[in-house]
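Every number for a ligand or one of its atoms is a count from 1 in the order of the listing.
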Amino acid sequence: MKLIDGKVISAHIKQQVKAQVDELKAKGTEPCLAVIIVGDDFASRTYVNNKKRTCEEVGIKSLEFALPAETTQEELLELVEKLNADDNVNGILCQLPIPKHIDEKVILNAIKPEKDVDAFHPVNAGHIMIGDCVLKPCTPAGIMEMLKYEGIDVAGKNCVVIGRSNIVGKPMAMLLLAASGTVTVCHSRTQNLTEITRSADILVAAVGKAKFVTADMVKEGAVVIDVGMNRDEDGKRCGDVDFEAVKDKASHITPVPGGVGLMTVAMLMQNTVTAAESQNNRG
Ligand code: NAP
């Protein structure tokens, strides 16, 4: 079994991004990411701090807009519009979840597609579908980078994705398809799940259930990618894959922590610099 090390691969991506940032700065552009956080959710605060720290690492300027939980939808929309119009801001992200009284869809759809560094806007989702996207959703894009780095060719492989969310499962399936994988998407209504996952050469688990993927669900020699971020019965961080049981069956496997999560942040940096480059080129 080979461990796919998110630490090593994300460092490689960040190094590339830093070089792109330096090039942009030499031309007089300082890439800038605006991060909006509404309320005081502990996990969201941790993610935002991590994003800001990584911006600093690669030389991207970050702006934080921390709004109180009682912010209205109109106030939040106003901020998004202001950032959309600001030529010094290249990327905008609104940390999810946002409080229930605000319609998440309305906010995400208000972000200008060319500044939508999470790539959640329907325009960007459409580009992924067509196969000509510039900004790719960070988690699936990070997984594609992991496969590339490890020299794992997707073309012709049986790829099984467990999960069909708009953030992970669906775009993951599209990127694997664009790389000529034969893709099956499974979800909570899937019948004979184990039979399907056992046919996978590349298995991606994005379920949100601790240690959901057990050894009997994995084919000998499969590549296993674990997107999950859960806590086990002892409160320890773990993925959607029962790592200890699966690791000896897999040819390659991502750990949790230290796997896909690190790639997600690195790809956010990549998207911000890509957005800055394309906005810069348009003048
Ligand atoms: P989500 O929106 O809750 O989607 C979960 C998916 O799993 C749904 O499509 C659901 O099916 C499916 N599912 C649930 N139970 C199932 C079962 N018994 N059999 C088969 N499929 C089942 O979650 P998400 O946003 O995609 O995230 C998934 C996991 O990845 C979470 O642990 C999340 O924290 C983590 N995550 C990690 C990163 C990272 O950077 N590492 C980024 C994003 C998310 P239905 O559609 O039928 O309900």
Side-chain angles (χ1 to χ4, degrees), residues 3-7 9-10 13-14 35 41-51 53-54 93-98 104-105 108 117-120 125 128 135-147 159-176 183-200 203-214 216-218 224-233 235-243 253-271:
L3 200 72
I4 305 181
D5 191 338
K7 215 168 170 184
I9 308 172
S10 64
I13 300 286
K14 285 188 280 187
V35 181
D41 181 70
F42 179 75
S44 294
R45 171 43 65 196
T46 309
Y47 293 141
V48 165
N49 288 347
N50 189 16
K51 287 169 187 177
R53 204 172 39 243
T54 313
L93 82 80
C94 188
Q95 184 65 46
L96 302 179
I98 44 184
E104 182 179 295
K105 223 174 176 176
L108 296 183
V117 284
D118 267 335
F120 294 161
I128 293 159
L135 300 173
K136 299 174 187 167
C138 301
T139 302
I143 291 169
M144 295 309 288
E145 288 294 335
M146 287 177 132
L147 296 174
C159 305
V160 174
V161 180
I162 321 178
R164 56 171 163 178
S165 71
N166 291 331
I167 293 172
V168 188
K170 279 187 213 160
M172 184 75 252
M174 285 300 144
L175 294 182
L176 289 166
V183 183
T184 307
V185 183
C186 302
H187 46 79
S188 66
R189 306 289 297 273
T190 296
Q191 292 178 13
N192 306 322
L193 181 66
T194 297
E195 207 176 287
I196 298 168
T197 59
R198 280 167 75 126
S199 73
L203 177 62
V204 180
V207 192
K209 290 188 173 158
K211 301 181 185 176
F212 179 83
V213 174
T214 47
D216 61 311
M217 295 169 75
V218 177
V224 179
I225 307 289
D226 192 350
V227 184
M229 288 204 284
N230 316 296
R231 297 268 169 192
D232 69 9
E233 54 286 358
K236 247 178 75 188
R237 286 205 281 166
C238 74
D240 288 344
V241 175
D242 185 349
F243 184 87
I253 188 166
T254 64
V256 179
V260 173
L262 296 172
M263 295 303 294
T264 300
V265 189
M267 297 315 289
L268 174 68
M269 301 299 119
Q270 178 65 74
N271 273 350

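Nearest protein neighbour of atom 17 (C) of ligand 1, counting heavy atoms only, is F212 CZ, 3.6 Å. In this structure, atom 15 (N) of ligand 1 lies nearest to the protein heavy atom K209 NZ, 3.1 Å. Among protein heavy atoms, the minimum distance from atom 44 (C) of ligand 1 is reached at V168 CG2, 3.9 Å. At the top of the distance list for atom 37 (C) of ligand 1, counting protein heavy atoms only, stands V227 O, 3.0 Å. Nearest protein heavy-atom contact of atom 40 (O) of ligand 1 is T264 OG1, 2.7 Å. Annotation: atom 20 (C) of ligand 1 to nearest protein heavy atom, H187 O, 3.0 Å. For atom 9 (O) of ligand 1, the closest non-hydrogen atom on the protein side is R164 N, 2.8 Å.
Between the side chain of T139 and the main chain of T264, no donor-acceptor pair closer than 3.5 Å is present. The backbone N or O of C238 lies less than 3.5 Å from no partner atom in the side chain of D232, so there is not a single donor-acceptor pair. Judged purely by atom type and a 3.5 angstrom limit, N192 has no side-chain atom pairing as donor or acceptor with the backbone of E195. Counting only distance, with no hydrogens or angles, the side chain of N271 and the backbone of K136 share a donor-acceptor pair below 3.5 Å. Checked by atom type and distance alone, the side chain of D240 never pairs as donor or acceptor with a backbone atom of D226 at under 3.5 Å. In this structure, D242 contributes its side chain and V213 its backbone to no donor-acceptor pair below 3.5 Å.
Taking a 4.0 Å cut-off on heavy atoms, T139 registers as neighbouring ligand 1. Note on ligand 1: A206 sits in its first shell, one or more heavy atoms being nearer than 4.0 Å.
Heavy-atom proximity to I162, at under 4.0 Å, picks out these atoms of ligand 1: 20 (C), 21 (N). For ligand 1, the atoms closer than 4.0 angstrom to any heavy atom of N230 are 32 (O). When each atom of ligand 1 is checked for a heavy atom of G163 under 4.0 Å away, the hits are 6 (C), 7 (O), 9 (O).
Between the side chains of N49 and R45, a donor-acceptor pair is found at a separation under 3.5 Å.
In terms of N/O distances under 3.5 Å, ligand 1 is not approached by R189. Polar contact check, S188 against ligand 1: a nitrogen or oxygen pair lies under 3.5 Å apart. The shortest N or O to N or O distance between M229 and ligand 1 is below 3.5 Å.
Contacts between M263 and ligand 1 below 4.0 angstrom, taking non-hydrogen atoms only, are absent altogether. Contacts of V207 with ligand 1, taken as heavy-atom pairs under 4.0 Å, involve both backbone and side chain. When heavy-atom distances to ligand 1 are checked against a 4.0 Å cut-off, T190 has no atom that comes that close, whether in backbone or side chain.
The CD1 atom of I128 sits 6.0 Å away from atom CG of L175, with the distance rounded to the nearest 0.5 Å. Here CG of N166 is found 9.0 Å from CZ of F120. Values are rounded to the nearest 0.5 Å. Residue M267 holds its CE atom at 11.0 Å from CE of M146, rounded to the nearest 0.5 Å.
The only member of V224, T197, V241 that meets side chain to side chain contact (heavy atoms under 4.5 Å, CB included) when paired with M217 is T197.
The closest side-chain heavy-atom distance from L268 to V117 is below 4.5 Å.
Between the choices G261, G208, A205, S165, the shortest heavy-atom distance to atom 1 (P) of ligand 1 belongs to S165.
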